[in-house]
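In what follows, a structure is listed as structure tokens, so that the remarks can point back to it.
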Amino acid sequence: MRDLSKVRSQHLDILKEAGNIGAGHAAAALSQMLNKTIEMKVPGVKVIPFNEIGEYTGGDETIVAAVFLRIEGEAPGNMFFILPVKEANRLAQRLTGDLSIDFMGDSLNEMGISALNEAGNILAGSYLSALADFTHLNMQPTPPAIAVDMITAILSFGLIEMSEAGDHAIVINTEINEKGTGPAVSFKGHFFLLPDPPSLDKILNAFGVHQNE
């Protein structure tokens, strides 16, 4: 297990910078998709123990909407874009123009699922592309899948089905702001990058962090 004390502030700064570059590319793609002005930023990045993810998102039993992608390449792992379900409803409604979308309803809206998947795919692809540029590691996302459930159930499913769980997760806080003639509309979510062992070491080593430091 990597000692998190070796993850230094400058390495988190690099992850944040990569996140903001990725957010800029994603905002441009979403702006074109929506024909609206979209701005995105990454207010913070952390590396946390895996067992704290549920607490970080509001508690293990919090209901969320999550877009899941498997990462393939030189630093394989899993990525989840997670929003509180009410935020997911609002985002899907803005993406589609369908105000009836409710991911807590009896039946999921296919248009809403497609829109949220596409948004998650754009965001994840943009972030991974920026991270790959910084680390010079090849990382590619698989097609996304969406789930609405308690955070622990979603994380357990993705890890059990797709890979062995790592010890830690990289958390990329994300803010999406829609600008227009009316009041600004904002959405807040989290990216959780869960590298397979030993992918976290590969990523951090690319920033100059080594086990013997």
Side-chain angles (χ1 to χ4, degrees), residues 23 26-27 29-31 33-36 38-44 46 48 50-71 78-127 141-163 165 169-180 182-194:
L30 288 175
S31 295
M33 176 181 172
L34 293 171
N35 196 26
K36 298 177 182 177
I38 303 295
E39 295 179 355
M40 291 182 59
K41 61 181 179 179
V42 175
K46 294 182 179 181
I48 64 172
F50 173 75
N51 59 10
E52 293 182 8
I53 292 177
E55 179 182 343
Y56 196 87
T57 55
D60 290 344
E61 296 184 0
T62 301
I63 303 297
V64 298
V67 179
F68 168 77
L69 305 99
R70 176 68 183 160
I71 301 166
N78 296 316
M79 177 174 273
F80 295 85
F81 177 51
I82 295 176
L83 307 100
V85 70
K86 289 183 179 179
E87 292 280 281
N89 287 340
R90 292 174 58 240
L91 179 56
Q93 289 168 5
R94 302 297 290 192
L95 290 170
T96 64
D98 183 354
L99 299 181
S100 70
I101 291 175
D102 181 3
F103 291 113
M104 289 294 288
D106 293 333
S107 60
L108 292 180
N109 181 290
E110 292 297 328
M111 184 181 294
I113 291 172
S114 177
L116 205 58
N117 269 339
E118 181 61 21
N121 196 40
I122 289 171
L123 295 171
S126 298
Y127 179 72
T142 63
I146 189 171
V148 178
D149 206 332
M150 291 188 298
I151 181 65
T152 49
I154 288 173
L155 292 172
S156 296
F157 173 80
L159 295 171
I160 290 171
E161 291 295 313
M162 301 302 295
S163 76
I170 298 170
V171 186
I172 306 107
N173 298 320
T174 303
E175 292 184 7
I176 305 171
N177 300 300
E178 178 188 321
K179 305 292 185 180
V185 180
S186 298
F187 308 91
K188 294 182 179 180
H190 306 285
F191 272 109
F192 291 95
L193 177 60
L194 281 62

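Residue numbers count from 1 along this sequence.
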Working to the nearest 0.5 Å, report the span between [atom1] of [X] and [atom2] of [Y].
X: Asn177; Y: Lys41; atom1: CG; atom2: NZ; answer: 6.5 Å
X: Thr96; Y: Ile113; atom1: OG1; atom2: CD1; answer: 12.0 Å
X: Thr152; Y: Glu61; atom1: OG1; atom2: CD; answer: 7.5 Å
X: Glu118; Y: Leu95; atom1: CD; atom2: CG; answer: 9.5 Å
X: Leu116; Y: Asn121; atom1: CG; atom2: CG; answer: 11.5 Å
X: Leu194; Y: Ile170; atom1: CG; atom2: CD1; answer: 9.0 Å

Verify, without hydrogens or angle tests, whether [X] (side chain) and [Y] (backbone) share a donor-acceptor contact under 3.5 angstrom.
X: Arg90; Y: Ser186; result: yes
X: Thr174; Y: Val42; result: no
X: Ser114; Y: Glu110; result: no

Next item on the list: With sequence neighbours excluded, tell me which residues meet side-chain contact (heavy atoms from CB on, under 4.5 Å) with Ala26.
Entry: Met40, Ile122, Leu123, Ser126
Checklist line | All side-chain contact (heavy atoms from CB on, under 4.5 Å) counterparts of Gln93, not counting sequence neighbours | finding: Asn89, Leu99, Ile101
Note to self: Would Lys188 and Glu87 count as a salt bridge (Lys or Arg N to Asp or Glu O under 4.0 Å) here? Give the steps.
What the structure shows: CA-CA 7 Å; Lys188 294 182 179 180; Glu87 292 280 281; over 6 Å; no
Next item on the list: Measure from the ring center of Phe192 to the ring center of Phe80 and say whether it is less than 6.0 Å.
Entry: no
Next item on the list: For Ile151 and Val64, run side chain to side chain contact (heavy atoms under 4.5 Å, CB included): C-alpha distance rounded to whole Å, both residues' side-chain angles, the deciding distance at 0.1 Å, then the answer.
Entry: CA-CA 6 Å; Ile151 181 65; Val64 298; 4.2 Å; yes
Next item on the list: Evaluate side chain to side chain contact (heavy atoms under 4.5 Å, CB included) for Asn78 paired with Ile71, printing each intermediate quantity in order.
Entry: CA-CA 6 Å; Asn78 296 316; Ile71 301 166; over 6 Å; no
Next item on the list: Could you walk me through whether Ile63 and Met150 pass side chain to side chain contact (heavy atoms under 4.5 Å, CB included), step by step?
Entry: CA-CA 4 Å; Ile63 303 297; Met150 291 188 298; 3.6 Å; yes
Check: Closest approach of Ala147 and Ile154, non-hydrogen atoms and distance?
Finding: O-CD1, 3.8 Å
Next item on the list: Check Leu69 against Gly120 and note the closest heavy-atom contact, atom names and distance.
Entry: CD1-O, 4.4 Å
Check: Around Lys86, counting heavy atoms of other residues, nucleotides and ligands shown, do more than 12 lie under 6.0 Å from its NZ?
Finding: no
Checklist line | Set of residues satisfying ring pair (Phe, Tyr, Trp, His ring centres under 6.0 Å) with respect to Phe81, sequence neighbours excluded | finding: Phe191
Item checked: side chain to side chain contact (heavy atoms under 4.5 Å, CB included) between Lys36 and Arg94, worked out -> CA-CA 10 Å; Lys36 298 177 182 177; Arg94 302 297 290 192; 4.2 Å; yes
